[in-house]
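As structure tokens, the structure follows; a few thoughts come after it.
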Amino acid sequence: MKPAENKAPVWLYDEFKHAGVDYANTAVARDYDEHHQRFRDYEKDAALVLERLGIGPQHEVIDFGCGTGAFVVPAARACKKIYAIDISPSMLDLCERKVKAAGLDNVELRCAGFLTYHHNEAPVDGIVSTAAFHHLPDFWKVVALQRMHEMLKPGGRLYLFDVVFTFPVDTYQEALDGWVDSMTQKGSQAMAEETVIHIRDEFSTFDWILEEILVRTGFVIEQKYSDFPGCLAYVCIR
Ligand SMILES: C[S@@+](CC[C@H](N)C(=O)[O-])C[C@H]1O[C@@H](n2cnc3c(N)ncnc32)[C@H](O)[C@@H]1O
């Protein structure tokens with residue numbers, strides 16, 4: 001690795017500043033799994049992602065924004081190697097503990113992000129990012145996808161799951177109010193507050209913007225899934 005290649009330009013977006021929810025906060029990280037496992041099944045979700053990507057025991061995968069290892073831990077049992085990347089030391093610490101408790105030795109954890117991770121090894125077979133991409137503003141999403149494209153083998157696949165807006169542009173106020181209200185009605189004040197932070201301080205975007213960015217950075221969108229309310233998952237091939 002040549003040091004000059006890894007020197008960040010002064011104009012680079014500071015992805016470590018945690019726009020929106022502060023996942024570097026140890027209390028946020030500590031409560032994450034308990035909160036998320038109320039509405040997610042990590043094992044089942046990971047199996048579905050691996051199946052959709054066609055990933056098996058001979059394959060290497062990068063997980064961007066890996067968090068506490070929702071995908072990393074189950075996926076590491078099923079593939080050759082996982083690079084687990086996140087900007088939050090607190091989330092990575094929990095991920096590492098789970099990796100060790102599971103006796104896994106094929107996970108490499110790195111404290112870095114979409115814009116700052118340098119993959120100095122051979123290109124990988126798959127890249128996964130779940131509920132993390134909305135932390136980048138749209139211009140930086142383009143840069144991140146271009147970087148991910150370079151980290152993938154030709155024919156490798158990207159699985160991008162995120163909160164994505166699909167409502168007509170002129171209905172944005174009702175759509176966003178409705179989203180917050182639906183969280184309040186579900187009885188979760190914490191989720192409603194997190195939804196407000198998501199809208200105000202994070203960078204979810206429209207499906208037509210994200211799809212244009214994917215295509216312009218060289219990906220072919222093979223599948224688009226909407227299994228989870230308000231979210232989309234894209235399977236793209238390099
Ligand atoms: C909602 S959590 C999702 C975690 C995990 N992927 C999951 O499915 O549970 C978002 C994660 O993205 C990470 N994150 C935020 N901005 C990032 C960036 N620019 N690069 C990499 N990770 C980032 C946060 O630290 C946090 O762990």
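Just so you know, ligand 1 is whichever comes first in the structure, and atom 1 is the first atom listed for that ligand.
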Under the salt bridge (charged side-chain N to carboxylate O under 4.0 Å, His left out) rule, what pairs show up with a residue in residues 81-93, not counting sequence neighbours?
->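 Checked against salt bridge (charged side-chain N to carboxylate O under 4.0 Å, His left out) - neighbours excluded - the pairs reaching residues 81-93 are Lys81-Glu108, Asp93-Arg97.
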May I have all residue pairs that pass ring-ring contact (aromatic ring centres under 6.0 Å, His included) and include part of residues 44-65, sequence neighbours excluded?
->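 Sorted result for residues 44-65: Phe64-Phe114, Phe64-Tyr117.
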Residues sharing Met91's hydrophobic cluster, by side-chain heavy-atom contacts under 4.5 Å among ILVMFWY, directly or via others?
->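 Met91 clusters with Val21, Tyr23, Val28, Tyr32, Tyr42, Ile197.
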Please step through ring pair (Phe, Tyr, Trp, His ring centres under 6.0 Å) for the pair Phe219 and His149, ending with a clear verdict.
-> CA-CA 7 Å; Phe219 288 100; His149 192 270; 5.0 Å; yes
Short N or O separations between ligand 1 and the protein, below 3.5 Å:
| residue | atom | partner | partner atom | Å |
| --- | --- | --- | --- | --- |
| ligand 1 | 6 (N) | Gly65 | O | 2.7 |
| ligand 1 | 6 (N) | Thr130 | O | 2.8 |
| ligand 1 | 8 (O) | Arg40 | NH2 | 2.8 |
| ligand 1 | 9 (O) | Tyr32 | OH | 2.7 |
| ligand 1 | 9 (O) | Arg40 | NH1 | 3.0 |
| ligand 1 | 9 (O) | Arg40 | NH2 | 3.4 |
| ligand 1 | 19 (N) | Glu15 | OE1 | 2.8 |
| ligand 1 | 20 (N) | Phe114 | N | 3.2 |
| ligand 1 | 25 (O) | Asp86 | OD1 | 2.6 |
| ligand 1 | 27 (O) | Asp86 | OD1 | 3.3 |
| ligand 1 | 27 (O) | Asp86 | OD2 | 2.7 |

Mind telling me whether Phe228 and Phe39 have parallel, tilted or perpendicular rings, with 30° and 60° as the class edges?
-> tilted
Side chains of Tyr234 and Glu211, donor plus acceptor under 3.5 Å |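 Result is yes, a qualifying pair exists.
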